[in-house]
Amino acid sequence: MIYNLGSINIDHVYRVPHLPAPGETLAADSYTVGLGGKGANQSVAAARAGARVLHIGAVGAEGAWARDRIAGYGVDVAQIAVLDVPTGHAIITVDPGAENSIVLFPGANQALDLAAVLAALAGIGPADTLLVQNETTHAPAAAALARAQGARVICSAAPFDLAAVQAMLPHTSILVLNAIEADQLCAALGCSLDQVPVPELLVTRGRDGAEWICNATGARAFVAALKVQAVDTTGAGDTFAGYFAAALDAGQTPAHALTLAAAAAALKVTRPGTADAIPSLSEVADFLS
Ligand code: ADP
(Lines give C-alpha, C1' and ligand atoms only; values in the text may rest on other atoms or scores of the structure.)
Protein backbone atom coordinates (compact mmCIF):
# COMPACT_ATOMS: atom_id res chain seq x y z
CA MET A 1 0.00 0.00 0.00
CA ILE A 2 1.11 3.58 -0.67
CA TYR A 3 0.97 6.23 2.03
CA ASN A 4 1.40 9.71 0.58
CA LEU A 5 2.18 12.63 2.90
CA GLY A 6 1.37 15.17 0.27
CA SER A 7 0.27 18.66 -0.64
CA ILE A 8 -3.15 19.47 -2.03
CA ASN A 9 -3.44 22.63 -4.08
CA ILE A 10 -6.12 24.29 -6.09
CA ASP A 11 -4.58 25.14 -9.46
CA HIS A 12 -5.59 28.37 -11.14
CA VAL A 13 -4.36 27.90 -14.71
CA TYR A 14 -4.03 30.80 -17.15
CA ARG A 15 -3.16 30.18 -20.81
CA VAL A 16 -0.98 33.11 -21.90
CA PRO A 17 0.68 34.12 -25.21
CA HIS A 18 4.07 34.01 -23.41
CA LEU A 19 5.24 33.73 -19.81
CA PRO A 20 5.03 37.21 -18.24
CA ALA A 21 8.25 39.22 -18.02
CA PRO A 22 9.13 41.26 -14.88
CA GLY A 23 6.83 44.30 -14.71
CA GLU A 24 4.61 43.05 -17.55
CA THR A 25 0.80 42.93 -17.35
CA LEU A 26 -0.52 40.22 -19.58
CA ALA A 27 -4.07 39.24 -20.62
CA ALA A 28 -4.72 35.51 -20.41
CA ASP A 29 -6.53 33.68 -23.22
CA SER A 30 -8.31 31.32 -20.80
CA TYR A 31 -8.71 30.47 -17.10
CA THR A 32 -9.49 27.12 -15.49
CA VAL A 33 -9.56 25.85 -11.92
CA GLY A 34 -8.41 22.33 -11.16
CA LEU A 35 -7.03 19.94 -8.57
CA GLY A 36 -3.26 20.03 -8.18
CA GLY A 37 -0.40 20.02 -5.72
CA LYS A 38 2.48 17.59 -6.09
CA GLY A 39 1.03 15.39 -3.37
CA ALA A 40 -2.48 15.18 -4.81
CA ASN A 41 -1.09 14.60 -8.30
CA GLN A 42 1.08 11.72 -7.06
CA SER A 43 -1.79 10.17 -5.09
CA VAL A 44 -4.07 10.33 -8.12
CA ALA A 45 -1.31 8.95 -10.38
CA ALA A 46 -0.58 6.04 -8.03
CA ALA A 47 -4.30 5.27 -7.67
CA ARG A 48 -4.82 5.51 -11.46
CA ALA A 49 -1.90 3.06 -11.77
CA GLY A 50 -3.83 0.61 -9.60
CA ALA A 51 -2.25 1.11 -6.16
CA ARG A 52 -4.11 1.32 -2.87
CA VAL A 53 -3.33 4.87 -1.70
CA LEU A 54 -3.86 6.64 1.65
CA HIS A 55 -3.33 10.39 1.33
CA ILE A 56 -2.18 12.24 4.47
CA GLY A 57 -2.65 16.00 4.17
CA ALA A 58 -4.89 19.00 4.78
CA VAL A 59 -7.15 21.50 3.03
CA GLY A 60 -9.10 24.55 4.19
CA ALA A 61 -12.90 24.53 4.40
CA GLU A 62 -13.22 26.11 0.92
CA GLY A 63 -11.05 23.30 -0.46
CA ALA A 64 -13.25 20.43 0.67
CA TRP A 65 -14.18 19.83 -3.01
CA ALA A 66 -10.50 19.02 -3.67
CA ARG A 67 -10.60 16.30 -1.00
CA ASP A 68 -13.77 14.90 -2.60
CA ARG A 69 -12.15 15.00 -6.04
CA ILE A 70 -9.16 13.00 -4.74
CA ALA A 71 -11.57 10.49 -3.19
CA GLY A 72 -13.28 10.23 -6.58
CA TYR A 73 -10.08 8.74 -8.01
CA GLY A 74 -10.19 5.96 -5.43
CA VAL A 75 -7.72 7.46 -2.94
CA ASP A 76 -8.46 6.99 0.79
CA VAL A 77 -8.97 10.56 2.10
CA ALA A 78 -9.74 9.74 5.75
CA GLN A 79 -6.42 11.31 6.78
CA ILE A 80 -6.97 14.58 4.89
CA ALA A 81 -7.82 17.12 7.60
CA VAL A 82 -10.08 20.11 6.94
CA LEU A 83 -8.41 23.02 8.79
CA ASP A 84 -9.34 26.62 9.52
CA VAL A 85 -6.67 28.01 7.14
CA PRO A 86 -6.71 28.66 3.36
CA THR A 87 -6.25 25.67 1.06
CA GLY A 88 -2.89 25.64 -0.67
CA HIS A 89 -3.11 27.04 -4.18
CA ALA A 90 -1.02 27.62 -7.27
CA ILE A 91 -1.15 30.34 -9.92
CA ILE A 92 0.03 28.61 -13.11
CA THR A 93 0.73 30.30 -16.43
CA VAL A 94 1.14 28.09 -19.50
CA ASP A 95 2.52 29.36 -22.83
CA PRO A 96 1.68 28.00 -26.32
CA GLY A 97 4.81 25.83 -26.20
CA ALA A 98 3.44 24.11 -23.04
CA GLU A 99 6.12 25.70 -20.86
CA ASN A 100 4.84 26.88 -17.46
CA SER A 101 5.69 29.07 -14.49
CA ILE A 102 4.11 28.65 -11.07
CA VAL A 103 3.52 30.73 -7.90
CA LEU A 104 2.58 28.65 -4.84
CA PHE A 105 0.79 29.58 -1.61
CA PRO A 106 1.20 26.58 0.73
CA GLY A 107 -1.70 27.32 3.12
CA ALA A 108 -3.06 24.19 4.83
CA ASN A 109 -0.16 22.09 3.48
CA GLN A 110 2.12 23.77 6.01
CA ALA A 111 -0.34 23.45 8.91
CA LEU A 112 -0.32 19.67 9.36
CA ASP A 113 -0.25 18.29 12.89
CA LEU A 114 2.84 16.12 13.53
CA ALA A 115 1.07 13.75 15.94
CA ALA A 116 -1.73 13.20 13.41
CA VAL A 117 0.78 12.51 10.61
CA LEU A 118 2.67 9.95 12.69
CA ALA A 119 -0.58 8.34 13.88
CA ALA A 120 -1.72 7.97 10.26
CA LEU A 121 1.52 6.06 9.56
CA ALA A 122 1.22 3.72 12.54
CA GLY A 123 0.41 0.70 10.37
CA ILE A 124 3.07 1.19 7.70
CA GLY A 125 5.38 -1.80 7.18
CA PRO A 126 7.91 -3.52 4.90
CA ALA A 127 5.38 -4.17 2.11
CA ASP A 128 4.46 -0.48 1.94
CA THR A 129 5.72 2.71 0.35
CA LEU A 130 5.73 6.26 1.74
CA LEU A 131 5.70 9.06 -0.81
CA VAL A 132 6.74 12.56 0.25
CA GLN A 133 7.43 15.77 -1.64
CA ASN A 134 8.75 19.10 -0.43
CA GLU A 135 5.39 20.86 -0.07
CA THR A 136 4.20 19.76 3.38
CA THR A 137 5.56 19.95 6.89
CA HIS A 138 6.87 16.88 8.80
CA ALA A 139 8.27 14.91 5.86
CA PRO A 140 11.56 13.98 7.64
CA ALA A 141 9.77 12.71 10.77
CA ALA A 142 7.28 10.74 8.67
CA ALA A 143 10.08 9.26 6.56
CA ALA A 144 12.13 8.32 9.63
CA LEU A 145 9.15 6.45 11.06
CA ALA A 146 8.40 4.71 7.75
CA ARG A 147 12.01 3.58 7.29
CA ALA A 148 12.20 2.40 10.91
CA GLN A 149 9.15 0.24 10.20
CA GLY A 150 10.78 -1.19 7.08
CA ALA A 151 8.85 0.70 4.37
CA ARG A 152 10.29 2.10 1.12
CA VAL A 153 10.46 5.92 1.16
CA ILE A 154 10.24 7.74 -2.18
CA CYS A 155 11.04 11.44 -1.86
CA SER A 156 10.48 14.01 -4.60
CA ALA A 157 12.94 16.85 -3.99
CA ALA A 158 10.56 19.45 -5.36
CA PRO A 159 10.21 22.34 -5.08
CA PHE A 160 13.99 22.20 -4.61
CA ASP A 161 15.37 23.43 -1.28
CA LEU A 162 18.82 22.23 -0.28
CA ALA A 163 18.21 22.15 3.49
CA ALA A 164 14.94 20.26 3.01
CA VAL A 165 16.57 17.69 0.71
CA GLN A 166 19.50 17.23 3.08
CA ALA A 167 17.07 16.61 5.96
CA MET A 168 15.43 13.87 3.87
CA LEU A 169 18.54 12.10 2.54
CA PRO A 170 19.13 9.83 5.59
CA HIS A 171 15.50 8.64 5.45
CA THR A 172 15.10 8.21 1.68
CA SER A 173 15.15 4.96 -0.30
CA ILE A 174 14.60 6.54 -3.72
CA LEU A 175 15.25 10.24 -4.36
CA VAL A 176 13.25 11.66 -7.29
CA LEU A 177 14.73 14.65 -9.14
CA ASN A 178 14.08 16.38 -12.44
CA ALA A 179 17.08 17.48 -14.50
CA ILE A 180 17.27 20.95 -12.95
CA GLU A 181 16.96 19.59 -9.40
CA ALA A 182 19.63 16.97 -10.13
CA ASP A 183 22.04 19.69 -11.30
CA GLN A 184 21.22 21.87 -8.27
CA LEU A 185 21.77 19.01 -5.82
CA CYS A 186 25.03 17.83 -7.39
CA ALA A 187 26.37 21.40 -7.51
CA ALA A 188 25.45 21.99 -3.87
CA LEU A 189 26.88 18.67 -2.65
CA GLY A 190 29.91 18.87 -4.98
CA CYS A 191 29.37 15.30 -6.19
CA SER A 192 28.00 13.30 -9.10
CA LEU A 193 24.55 11.68 -9.05
CA ASP A 194 25.94 8.25 -8.17
CA GLN A 195 27.62 9.78 -5.12
CA VAL A 196 24.43 11.28 -3.65
CA PRO A 197 24.02 9.45 -0.32
CA VAL A 198 20.77 7.60 -1.00
CA PRO A 199 20.30 3.96 -2.07
CA GLU A 200 18.52 4.82 -5.35
CA LEU A 201 17.68 7.81 -7.54
CA LEU A 202 15.06 8.46 -10.22
CA VAL A 203 16.00 11.35 -12.49
CA THR A 204 13.45 12.61 -15.01
CA ARG A 205 14.73 14.69 -17.92
CA GLY A 206 11.62 15.91 -19.72
CA ARG A 207 11.81 15.09 -23.44
CA ASP A 208 15.15 13.34 -22.78
CA GLY A 209 13.50 10.55 -20.81
CA ALA A 210 14.30 9.27 -17.33
CA GLU A 211 16.90 7.22 -15.51
CA TRP A 212 16.91 4.97 -12.44
CA ILE A 213 20.23 4.66 -10.65
CA CYS A 214 20.98 2.17 -7.88
CA ASN A 215 23.96 3.45 -5.96
CA ALA A 216 24.19 0.30 -3.86
CA THR A 217 24.78 -2.03 -6.85
CA GLY A 218 25.72 0.35 -9.67
CA ALA A 219 22.69 -0.87 -11.68
CA ARG A 220 21.02 1.63 -14.02
CA ALA A 221 17.93 1.64 -16.22
CA PHE A 222 16.83 4.23 -18.77
CA VAL A 223 13.62 4.99 -20.60
CA ALA A 224 13.28 7.42 -23.52
CA ALA A 225 10.40 9.89 -23.51
CA LEU A 226 7.64 8.89 -25.91
CA LYS A 227 7.08 11.18 -28.90
CA VAL A 228 3.82 13.06 -28.36
CA GLN A 229 2.30 16.47 -29.11
CA ALA A 230 2.76 18.22 -25.75
CA VAL A 231 0.09 20.76 -24.76
CA ASP A 232 0.73 21.08 -20.99
CA THR A 233 3.72 19.61 -19.12
CA THR A 234 2.34 20.54 -15.66
CA GLY A 235 2.29 17.43 -13.50
CA ALA A 236 4.41 15.30 -15.85
CA GLY A 237 6.95 14.61 -13.12
CA ASP A 238 4.24 13.77 -10.57
CA THR A 239 2.52 11.42 -13.00
CA PHE A 240 5.88 9.75 -13.54
CA ALA A 241 6.63 9.52 -9.80
CA GLY A 242 3.16 8.20 -8.88
CA TYR A 243 3.19 5.53 -11.60
CA PHE A 244 6.79 4.55 -10.78
CA ALA A 245 5.94 4.22 -7.06
CA ALA A 246 2.79 2.20 -7.78
CA ALA A 247 4.65 -0.21 -10.03
CA LEU A 248 7.44 -0.78 -7.47
CA ASP A 249 4.87 -1.13 -4.67
CA ALA A 250 3.20 -3.86 -6.76
CA GLY A 251 6.53 -5.71 -7.01
CA GLN A 252 7.45 -4.69 -10.59
CA THR A 253 11.09 -4.17 -11.61
CA PRO A 254 12.46 -0.63 -11.92
CA ALA A 255 12.78 -1.12 -15.70
CA HIS A 256 9.10 -2.02 -16.03
CA ALA A 257 8.14 0.81 -13.68
CA LEU A 258 10.06 3.24 -15.93
CA THR A 259 8.22 2.01 -19.03
CA LEU A 260 4.78 2.47 -17.46
CA ALA A 261 5.69 5.83 -15.92
CA ALA A 262 7.09 7.24 -19.17
CA ALA A 263 3.94 6.26 -21.05
CA ALA A 264 1.67 7.71 -18.36
CA ALA A 265 3.64 10.97 -18.26
CA ALA A 266 3.67 11.23 -22.08
CA LEU A 267 -0.12 10.81 -22.16
CA LYS A 268 -0.49 13.42 -19.42
CA VAL A 269 1.44 16.07 -21.39
CA THR A 270 -0.97 15.64 -24.32
CA ARG A 271 -3.80 16.89 -22.07
CA PRO A 272 -4.35 20.21 -20.32
CA GLY A 273 -4.64 20.10 -16.51
CA THR A 274 -2.85 18.32 -13.70
CA ALA A 275 -4.45 15.68 -11.45
CA ASP A 276 -7.56 15.47 -13.62
CA ALA A 277 -5.42 14.86 -16.72
CA ILE A 278 -3.53 11.81 -15.38
CA PRO A 279 -4.36 8.71 -17.45
CA SER A 280 -5.61 5.39 -16.08
CA LEU A 281 -3.61 2.17 -16.28
CA SER A 282 -5.84 0.87 -19.09
CA GLU A 283 -5.23 4.06 -21.11
CA VAL A 284 -1.50 3.60 -20.52
CA ALA A 285 -1.68 -0.07 -21.58
CA ASP A 286 -3.57 0.89 -24.78
CA PHE A 287 -0.97 3.59 -25.49
CA LEU A 288 1.89 1.09 -25.10
CA SER A 289 0.27 -1.66 -27.22
P1 ADP B 1 8.93 17.75 -14.01
O2 ADP B 1 7.51 17.86 -14.45
O3 ADP B 1 9.05 17.32 -12.58
O4 ADP B 1 9.81 18.90 -14.36
P5 ADP B 1 10.05 16.32 -16.29
O6 ADP B 1 9.90 17.56 -17.10
O7 ADP B 1 11.40 15.70 -16.22
O8 ADP B 1 9.51 16.48 -14.80
O9 ADP B 1 9.02 15.25 -16.90
C10 ADP B 1 8.81 14.00 -16.27
C11 ADP B 1 8.67 12.91 -17.31
O12 ADP B 1 7.53 13.19 -18.11
C13 ADP B 1 9.83 12.78 -18.29
O14 ADP B 1 10.86 11.95 -17.77
C15 ADP B 1 9.16 12.18 -19.51
O16 ADP B 1 9.07 10.77 -19.38
C17 ADP B 1 7.76 12.79 -19.45
N18 ADP B 1 7.68 13.99 -20.29
C19 ADP B 1 7.85 15.27 -19.92
N20 ADP B 1 7.73 16.10 -20.98
C21 ADP B 1 7.47 15.31 -22.06
C22 ADP B 1 7.24 15.54 -23.45
N23 ADP B 1 7.25 16.78 -23.98
N24 ADP B 1 6.99 14.48 -24.25
C25 ADP B 1 6.96 13.22 -23.75
N26 ADP B 1 7.17 12.93 -22.45
C27 ADP B 1 7.43 13.95 -21.61
Side-chain angles (χ1 to χ4, degrees), residues 4 6-7 9 11 13 19 34-46 48-49 90 92-104 131-135 154-161 164-165 168 174-186 193 200-213 220-248 254-279 281 283-284 287-288:
N4 183 9
S7 56
N9 286 328
D11 284 347
V13 182
L19 300 182
L35 170 63
K38 297 191 70 63
N41 296 342
Q42 293 189 12
S43 275
V44 171
R48 298 285 264 162
I92 302 174
T93 50
V94 183
D95 77 9
E99 198 50 75
N100 63 58
S101 75
I102 301 173
V103 176
L104 267 184
L131 290 182
V132 298
Q133 313 80 32
N134 190 25
E135 288 185 344
I154 302 182
C155 170
S156 292
F160 186 81
D161 175 89
V165 180
M168 284 303 302
I174 307 177
L175 184 64
V176 181
L177 304 159
N178 69 16
I180 295 166
E181 292 151 5
D183 287 348
Q184 287 173 310
L185 184 63
C186 288
L193 274 176
E200 298 171 36
L201 296 109
L202 171 66
V203 183
T204 65
R205 299 186 185 280
R207 268 174 292 194
D208 294 326
E211 187 178 23
W212 169 79
I213 302 168
R220 285 178 178 241
F222 173 79
V223 67
L226 287 89
K227 298 245 175 305
V228 291
Q229 186 70 45
V231 299
D232 181 0
T233 59
T234 319
D238 294 328
T239 302
F240 201 107
Y243 260 78
F244 188 79
L248 291 190
H256 186 64
L258 284 178
T259 301
L260 284 177
L267 270 178
K268 152 58 216 130
V269 305
T270 64
R271 304 169 178 178
T274 45
D276 298 319
I278 297 171
L281 188 58
E283 290 173 306
V284 171
F287 186 59
L288 281 171

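These values consider heavy atoms only, across backbone and side chains, with no hydrogens, waters or symmetry-generated copies. Whatever order the structure lists ligands and atoms in, that order sets their numbers, starting from 1.
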Out of G206, S156, A262, the nearest non-hydrogen contact to atom 19 (C) of ligand 1 is supplied by G206

Expected output: side-chain K268 to main-chain A275 donor-acceptor under 3.5 Å:
no

Indicate yes or no: at least one non-hydrogen side-chain atom of F287 is less than 4.5 angstrom from one of V228.
yes

Check ligand 1 against A210 and write out every atom of the ligand that is under 4.0 Å from a heavy-atom position of the residue.
14 (O)

heavy-atom search around atom 17 (C) of ligand 1 in the protein gives A265 CB, 3.6 Å

Let me know which of T234, N9, D11 forms a side-chain hydrogen bond (donor to acceptor under 3.5 Å, both in side chains) with T274.
D11

Would you mind listing which atoms of ligand 1 come within a distance below 4.0 Å of any non-hydrogen atom of A230?
23 (N)

Run the salt-bridge test on E200 and R220 with the 4.0 Å N-O cut-off and return the result as yes or no.
no

Starting from atom 14 (O) of ligand 1, which protein heavy atom do you reach first, and at what distance in Å?
G209 O, 3.1 Å

Please list the nearest protein heavy atom to atom 4 (O) of ligand 1 with its residue and the distance rounded to 0.1 Å.
N178 ND2, 3.1 Å

Nearest protein heavy atom to atom 22 (C) of ligand 1, by residue and atom, and its distance?
R207 CG, 3.6 Å

Can you find a pair of side-chain heavy atoms, one from F240 and one from V223, that are under 4.5 Å apart?
yes

Atoms in ligand 1 with a heavy atom of L226 nearer than 4.0 Å
24 (N), 25 (C)

For atom 24 (N) of ligand 1, tell me which residue out of V228, D232, T204 has the closest non-hydrogen atom.
V228

Counting only N and O atoms by type, is there a donor-acceptor contact under 3.5 Å from the side chain of E135 to the main-chain atoms of K38?
yes

Reported CZ-to-CG distance for the pair F244 and D238, which is rounded to 0.5 angstrom:
14.5 Å

Side chains of V132 and N4 in contact at under 4.5 Å (non-hydrogen atoms):
no

Just heavy atoms, cut-off under 4.0 Å: does R205 contact ligand 1 by side chain, backbone, both, or neither?
backbone

Could you find the nearest protein heavy atom to atom 2 (O) of ligand 1 and give me its residue, atom name and distance?
G237 N, 3.0 Å

Report the nearest protein non-hydrogen atom to atom 11 (C) of ligand 1: residue, atom name, distance rounded to 0.1 Å.
F240 CD1, 3.7 Å

Please classify the I180 to ligand 1 contact at 4.0 Å (heavy-atom distances, strictly less than): side chain, backbone, both or neither.
neither

So, Q42 side chain and G39 main chain: donor-acceptor pair closer than 3.5 Å or not?
no

